[in-house]
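None of these values were measured; they are calculated from a predicted model.
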Amino acid sequence: SARPLLEIYSASGLLLACIPWKSGQLVQLGWTASEDLLCIQEDGTVLIYNLFCEFKRHFSMGNEVLQNHVLEAKVFHTEYGTGVAILTGAHRFSLTTNIDDLKLRRMPEVPGLQKPPSCWAVLSQDRVTIVLLAVGQDLYLLDNTSCSVVTPPGMSPSAGAYLQMAVSFNYRCLALFTDTGYIWMGLATLKEKLCEFNSSVRSSPKQMVWCMRPRSRQRAVVVAWDRQLMVVGNSTDGERRFVLDEDSYLVPELDGVRILSRTSHGFLHEIPEASQEIFKIASMAPGALLLEAQKEYEKESQKADEYLREIKDQKLLPEAVSQCIEAAGYEHEPDTQKSLLRAASFGKCFIDKFPPESFVRMCQDLRVLNAIRDYQIGIPLTFTQYPALVLRRLYPLAIRICEYLRLSEIQGVSRILAHWACYKVQQKDKSDEEVAHAINQKLGDTPGISYSEIASRAYDCGRTELAIKLLEYEPRSGEQVPLLLKMKRSKLALSKAIESGDTDLVYTVVLHLKNELNRGTFFMTLQFCKHQERETLKDLYNQDDNHQELGNFHVHSSYSEKRIEGRVGALQNALDEYYKAKNEFAAKATEDQIKLLRLQRHLQEDFDKPYLDLSLHDTVSNLILDGHCKRAEQLYREFKIPDKRYWWLKISALANRGDWEEMEKFSKSKKSPIGYLPFVEISVKHHHRYAAEQ
Amino acid sequence: VSDSPLSLCDGRFCFLVRPRIKTMRYIADIVNADKMSGRSRKYKIIFSPQKVSLTALCCQLPHVTCDEWSFYLLPLDEDIISMELPEFFRDYFLEGDHRWINSVARALQLLNSLYGPFGKAYGIGRCAKMSYELWRDLEEESEGDGQGRKPEIGNIFLMDRDMDYVTALCSQVVYEGLVDDTFRIKCGSVDFGPDVTSSDKSIKVLLNAQDKVFSQIRNEHFSSVFGFLSQKSRNLQAQYDRRRSMDIKQMKNFVSQELKGLKQEHRLLSLHIGACESIMKKKTKQDFQEMIKAEHSLLEGFDIRESTSFIEEHIDRQVSPIESLRLMCLLSITENGLIPKDYRSLKTQYLQSYGPEHLLTFHNLKRIGLLTEQSAGETLTAVESKVSKLVTDRAAGKITDAFNSLARKSNFRAISKKLGLIPRVDGEYDLKMPRDMAYVFSGAYVPLSCKIIEQVLERRGWLGLEEVVRLLNGNEFSVSDSTVEDNPAWESQRIVLAVFLGGCTFSEIAALRFLGKERVCKFIFLTTAITNSARMMEAMIEAKA
């Protein structure tokens, strides 16, 4: 028998490369995120080829597999990269989550498993990769350490044995198919059921995949038998059946399902809302009306005006334009794209200030998409998948896109170099030092290179230290600071900003923290300053010319001064600031406080008793209590204590002292501003009947 | 975490703390001290409800591991959920710190996942709006796993504390509020000291709906509590007395079934009677009646001069720094700021009485808008009101907006008039049979916060309240969740979740419970913390460093 061939085709069916297969028995083929081909052999060896059938490298899934063989294998993609999971002849699972950073994990044993499971799938939840498998009517969940039996909520008890399972592209949803034709659809966490369905087909489907659009509430599962396709969803109108003309293969993607057969390549997806609105029969959506208006306008019919008015009256014109632009993106036929964009452009004329970016951007994007969808290139991306292109690290393709977009040489090349650098920082096997150095060597001072952008990527990969090192190469502090802020290195950002001596930048830090990260980081920093670096705080206030806060600052620090001179000094500073802030009241109060402090010191020296830190009231009160009525009188005049207060103060102090003689004298000295009732009250309180009677 | 040194034991420490720099420093000091003395210990710091970046920076110390405990909701009672974040008030309203908004949003998310979507959401205040929006964003991100559930809470109302400072500043006279003012209720329990228990021990008592005696008097005006308690004790005595005429079998029954309950009730009854006596003793000593009178005239706007001198005397006699401050704030907020002469003199008096460090306290109070000076511009209010009579409502609104933008005003008087917060007095207000929410303040004032909630729920939106909203400085919203069907038959329509950002008082809770009884609906309270006037004032006071 002839050797088998390995052929690689583009999505449009062009043969890219072909080699005779010389290695061992293959179990599974799969693609990595960077478009390399993975060939998993029976003996556990995984061979990696590029798009052109050129061998790159190989690795093994462990020694155990050598004797036991691989029964089944699956290639999966998570945020860690491309992973491979295998089921061995001993009915054990092994997997690696990233083939570029190979770490083999042998999953725990499933107790009592004698035959291979009827179906299984790899799930990724909370950054942990787990295996879900079905044996007859039981579902098992394998995580790093244990094997547990699980039951999906709301599962019909008479559902029967599981035949197929499917996990959605984003790992959020799970579908199960049983031998009674029952389909369960729910969250992959197995915490909630979304819906169920009875297909009444009992034979095992060839394939089952999810078909959903990001952010859409519609979720559907596509089930394929030999020549039949069934779409089942959570919408109310039940199932849809299609007949397949040939043997087909389903490929689930981000926003739909590709259906590949020997002669055709189709794409099944949920019609996006914008397209539905516009193309629905008898739709009165603004976008539909605008498209109609434009058509009539081309026919030079006055109906164009009627349609346009209808939209304008509802003030929906901007919405209509956006709808047309959006819908154009979802169309594959350039003619339809053009008519939608023409309608958008037509509608735009009647809006005062419609930002043109979305329109221009869409035209450019569609140019690129149409170009790569060309059968000779054969990359039939949908608009939703388009951003994924950059993630695929296709630098040559990126260069091609640059050419399509006619970007200037410097701009184009430096951008690709930057991308290369961004890729570089993701190589985790090199030390921070090495990577930073390598990048600087290669890029040097190429114009248009933004180190902060590369650093930002490094940070996204969790290499904060590398990011900080890369930022050192960034000549503009204006670029350093925002990223530092993004990395929550607020303190470093603040010190960089202060270092730069750019007042504006300090403001930016403070304002940015305040506006952008309003989760409180801003005030944490201020709070931080308040507690940790009072000097920084002072500088900040100084820069702001915030004399009121500076005054408060000095008052605050006066409390921590132990010596009275220091305290008076701090208050003196506060006094100056309050004057500058034109806060006369605070200035006066501070002045009084300085005076009081000085006086209290004298009193302390004279009477050898603690007076410091008492309020004025307490000072005077204590003086009377100690029998220094003269001194009290002096303070009363000096600080202009209001009469009422002084009277209240004096009688309660005298009563406390029990000096009824003095009280009597006092009561007769002048007319009391508070009347004589308080005298009585206070005497009664102190049980001094004699005085009360008087 | 306090400043007292730790009693040191074995090699492991676990700290459960709020993410604050101060506590972090305290922990760092301990860790560093241990390091200096060569002891090696393991430390675990658990932040609740969440880690904050800077605190994480601080704990890059050796042997320290950090963790998060996403603890958001503490049910204090059948209808009260507290987030136990007393610092929310100062952090947000004074320091403008937005970090707790995230916590509020997460708490809402949690409630939403437990009880299904809220049908109708109302709110007023900047923080309310931000919290609501952040919560919506969170829901969007998590792609609504709780969708399609039958809602159990039909309405939610979010309100910022700064919409209504007046109510929080008033002395409380419903029993629960009074107990809070006097003994301080902490996390739903109170320490009754020796003067209440009439023994030499203090007793910790849980105050909630399980306490049969308390649940009957908590919402009552204080004046009717004593009567109720004595009636109750007579009933109890009668039940005890029944055993005299019992035969053996009945006696056995009585002992095995009723006695325990009766004893329990007896114990609670004597505690509450003790508490009442203690409150009476304290309140008469401080001329409570006169203070209430002064407060009422402030609310009504009568005899402002007399009230001002009452406050002055209060300060001069050094009755209590907190109380004096509270009265000053109440005066300022009801009068839209103090006239410059009073502003200066009261502050001077206060500084002389209670110490100069309160200069900073006044600065705080000014910033938050609790104690302000009427600026020259504000004397224009008279002109303003005249103008508004001449031109259309809309133009008048613009003028007032312009005035408002000059300074944040409380506009209490105008709002009070608009909403009828001061009930007209015809005859004695029967506090035993209250006819409106004013009973929580002896019939003198309907709490503003509760009135707003009542009005909005009644109108199912803000329609017709435009004037009030404008006076409150706006930021109102009303959203109905389109995914939730509006089915009036559902029990959930009768449930209202009242969310107070910055704390709510027991008086407000009592008022809304009363409203709930009247309107046959049930209020559930979610608050950042239970507050009262003293707690609010203390949050504003600048402590000596």
Side-chain angles (χ1 to χ4, degrees), chain A residues 172 187 189 191-192 194 215 217 488-491 514 517-528 530-532 548-549 551-552 555-557 559-560 571 574 583 585-586 588-590 592-593 596-597 613-618 620-621 639-642 644-649 652 674 678, chain B residues 19-22 24-25 50 52-58 91-92 95-102 130 134 140 143-149 309 312-313 315-318 321 340 343-345 347-360 362-364 367 373 483 542-545:
Chain A
R172 288 184 66 87
L187 294 185
T189 51
K191 287 203 175 115
E192 198 176 319
L194 293 170
R215 282 180 294 282
R217 293 239 170 263
K488 303 199 171 66
R489 294 297 171 108
S490 321
K491 219 186 126 196
K514 187 180 179 184
L517 305 172
N518 62 5
R519 300 282 184 281
T521 323
F522 174 59
F523 278 92
M524 278 309 271
T525 313
L526 273 195
Q527 194 193 1
F528 188 71
K530 266 187 199 165
H531 292 282
Q532 290 278 346
Q548 176 67 39
E549 285 296 347
N552 290 351
V555 171
H556 228 292
S557 43
Y559 296 134
S560 49
L571 286 173
N583 187 340
F585 176 80
K588 180 80 177 38
T590 313
D592 281 351
Q593 175 60 9
L596 182 64
L597 273 175
D613 273 345
L614 293 178
S615 71
L616 179 63
H617 187 110
D618 293 340
V620 178
S621 175
F639 285 93
K640 300 200 185 66
I641 298 178
K644 277 190 192 174
R645 165 191 289 279
Y646 188 62
W647 249 256
W648 273 114
L649 182 161
S652 58
I674 52 172
Chain B
R20 296 205 140 259
I21 292 287
K22 213 179 140 199
M24 286 314 304
R25 271 181 69 189
Q50 67 223 61
V52 175
S53 53
L54 270 168
T55 53
L57 257 183
C58 291
D91 282 350
Y92 177 76
E95 320 249 4
D97 186 339
H98 288 183
R99 102 181 89 143
W100 300 124
I101 292 180
N102 195 16
M130 283 194 280
L134 187 60
E140 212 112 288
E143 233 183 277
D145 290 347
Q147 279 302 324
R149 288 185 55 164
S309 28
E312 210 163 24
E313 190 184 310
I315 297 170
D316 286 352
R317 293 173 62 185
Q318 288 185 308
Y343 185 61
R344 297 186 66 110
S345 84
K347 282 206 302 188
T348 316
Q349 304 277 321
Y350 193 90
L351 292 180
Q352 288 185 356
S353 263
Y354 301 118
E357 67 273 15
H358 288 292
L359 192 59
L360 302 180
F362 286 129
H363 181 71
N364 289 345
R367 192 151 75 184
E373 186 177 7
T483 61
E542 203 65 47
K544 266 190 191 179

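- Considering only heavy-atom pairs separated by less than 4.5 Å from chain A, the leading option among Arg317(B), His358(B), Glu312(B) is Arg317(B).
- Taking Ser615(A) as the reference, Asp618(A) meet the side chain to side chain donor-acceptor pair (under 3.5 Å) condition, with sequence neighbours excluded.
- The CD atom of Gln593(A) sits 9.0 Å away from atom CG of Leu359(B), with the distance rounded to the nearest 0.5 Å.
- Of all heavy-atom pairs between Ala589(A) and Leu351(B), the closest is CB-CD1, 3.6 Å.
- Each of Asp316(B), Asp91(B), Ile315(B) has some count of heavy-atom pairs under 4.5 Å with chain A, and the biggest count is that of Asp316(B).
- Checking each of Val620(A), Leu616(A), Leu596(A) against Gln352(B) for a side-chain contact (heavy atoms from CB on, under 4.5 Å) leaves exactly one that passes, namely Leu616(A).
- Residues that satisfy the ring pair (Phe, Tyr, Trp, His ring centres under 6.0 Å) test with Phe585(A), not counting sequence neighbours, are absent from this structure.
- In terms of heavy-atom pairs under 4.5 Å with chain A, the best-connected choice from Tyr354(B), Tyr343(B), Tyr92(B) is Tyr354(B).
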